[in-house]
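Residues take their numbers from the sequence shown, with the count starting at 1.
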Amino acid sequence: MRTAVVWDALRAELAALAEAAGRDRLDIVDAGGGTGGFAVPLAELGHTVTVVDPSPDSLAALERRAKETGVGVRALQGDAADLGELLDRDSADLVLCHSVLEYVEDPIGALTAVARLLRGGGAVSVLTANPVASAIHRALAGHFDEARAVLADPRGSWGDRDPTPRRYTSRALAELLTATGFVAGEIHGVRVFADLVPSRLVDGEPGAADALVALEQAASTHPVLRDLATQLHALGRRS
């Protein structure tokens with residue numbers, strides 16, 4: 001439910017990349033892929049997947065998850081900035097960069113490293129936190145000064161205790177992709193309603209989860225609702 005919109009975009013992109021490459025098995029790198037929430041299902045689809053993550057505990061959990069699922073996933077310890085040292089240039093068809101750009105010291109450098117990994121025509125999948133949603137969530141929690149701070153801060157942070165150092169509006173995300181040599185595709189809102197609807201309205205009601213997914217899919221490209229989503233997702237194609 002929380003990632004349905006991202007998977008919809010990924011499936012369409014995987015099909016397009018496979019057709020362009022003339023092969024069904026793609027080379028995929030998941031930068032900051034953690035315990036394999038995306039990597040393992042992609043490996044189940046038959047793709048060759050490498051996860052790069054700085055946490056040895058997350059990589060250990062990834063390897064257990066992959067083993068239990070019966071697939072192989074390559075695990076490498078490192079940061080997004082280390083991609084050029086860990087992997088060969090022009091070696092990937094798709095790179096996932098989910099919930100990474102909010103935390104790296106140099107987002108432009110990280111995406112530039114991603115671009116070097118991609119073959120011509122390859123794509124990056126970027127998922128980032130949205131400052132507008134953060135302002136809404138802080139206000140709903142009664143933290144009105146922090147909500148106002150998010151809107152005023154160019155980085156989209158609500159203060160020194162904010163665990164997310166940086167957030168991106170849809171415009172900022174598109175500009176970041178363009179600045180690092182990508183052709184930015186359509187931006188989708190992820191978790192427009194999922195983080196706001198009480199779980200009791202979904203868990204105990206037959207068909208409610210499917211209905212919420214359908215609502216999320218409809219809202220993901222709505223010109224107003226998209227920019228209220230907790231996260232924003234974009235695909236960028238290397239020219």
(request) Using a cut-off of 6.0 Å, state whether more than 12 heavy atoms not belonging to Asp24 lie near its atom CG. (result) no
(message) Quick check for you: to the nearest 0.5 Å, what is the distance between Leu42 atom CG and Leu10 atom CG?
(response) 6.5 Å
(request) Keeping the roles fixed (side chain from His143, backbone from Glu146), state whether a donor-acceptor pair exists under 3.5 Å. (result) no
(request) Decide if atom CD1 of Ile108 counts as having more than 12 heavy atoms of other residues, nucleotides or ligands within a radius under 6.0 Å. (result) no
(message) I'd like to know if the side chain of Gln231 and the backbone of Thr128 have a donor-acceptor N/O pair within less than 3.5 Å.
(response) no
(message) Nearest 0.5 angstrom please: His47 NE2 to Arg23 CZ, how far?
(response) 10.5 Å
(request) Enter the distance from Arg138:CZ to Arg148:CZ here, rounded to the nearest 0.5 Å. (result) 14.0 Å
(request) Look at the rings of His233 and His188 and say which category their plane angle falls in: under 30° parallel, 30 to 60° tilted, over 60° perpendicular. (result) tilted
(request) Please determine if Arg171 and Glu175 form a salt bridge, counting it only when a charged side-chain N lies under 4.0 Å from a carboxylate O. (result) yes
(message) Using only atom types and a distance under 3.5 Å, with no angle test, would you say the side chain of Arg237 pairs donor to acceptor with the backbone of Gly185?
(response) no
(request) Verify, without hydrogens or angle tests, whether Asp82 (side chain) and Asp79 (backbone) share a donor-acceptor contact under 3.5 angstrom. (result) yes
(request) Provide the closest heavy-atom pair for Asn130 versus Asp227 in the form atom of the first, atom of the second, distance. (result) ND2-O, 2.9 Å
(request) Would you check if the side chain of Glu216 reaches a backbone N or O of Ala194 as a donor-acceptor pair within less than 3.5 Å? (result) yes
(message) Going by side chain to side chain contact (heavy atoms under 4.5 Å, CB included), Leu127 matches just one of Val190, Leu101, Val100. Which one?
(response) Val190
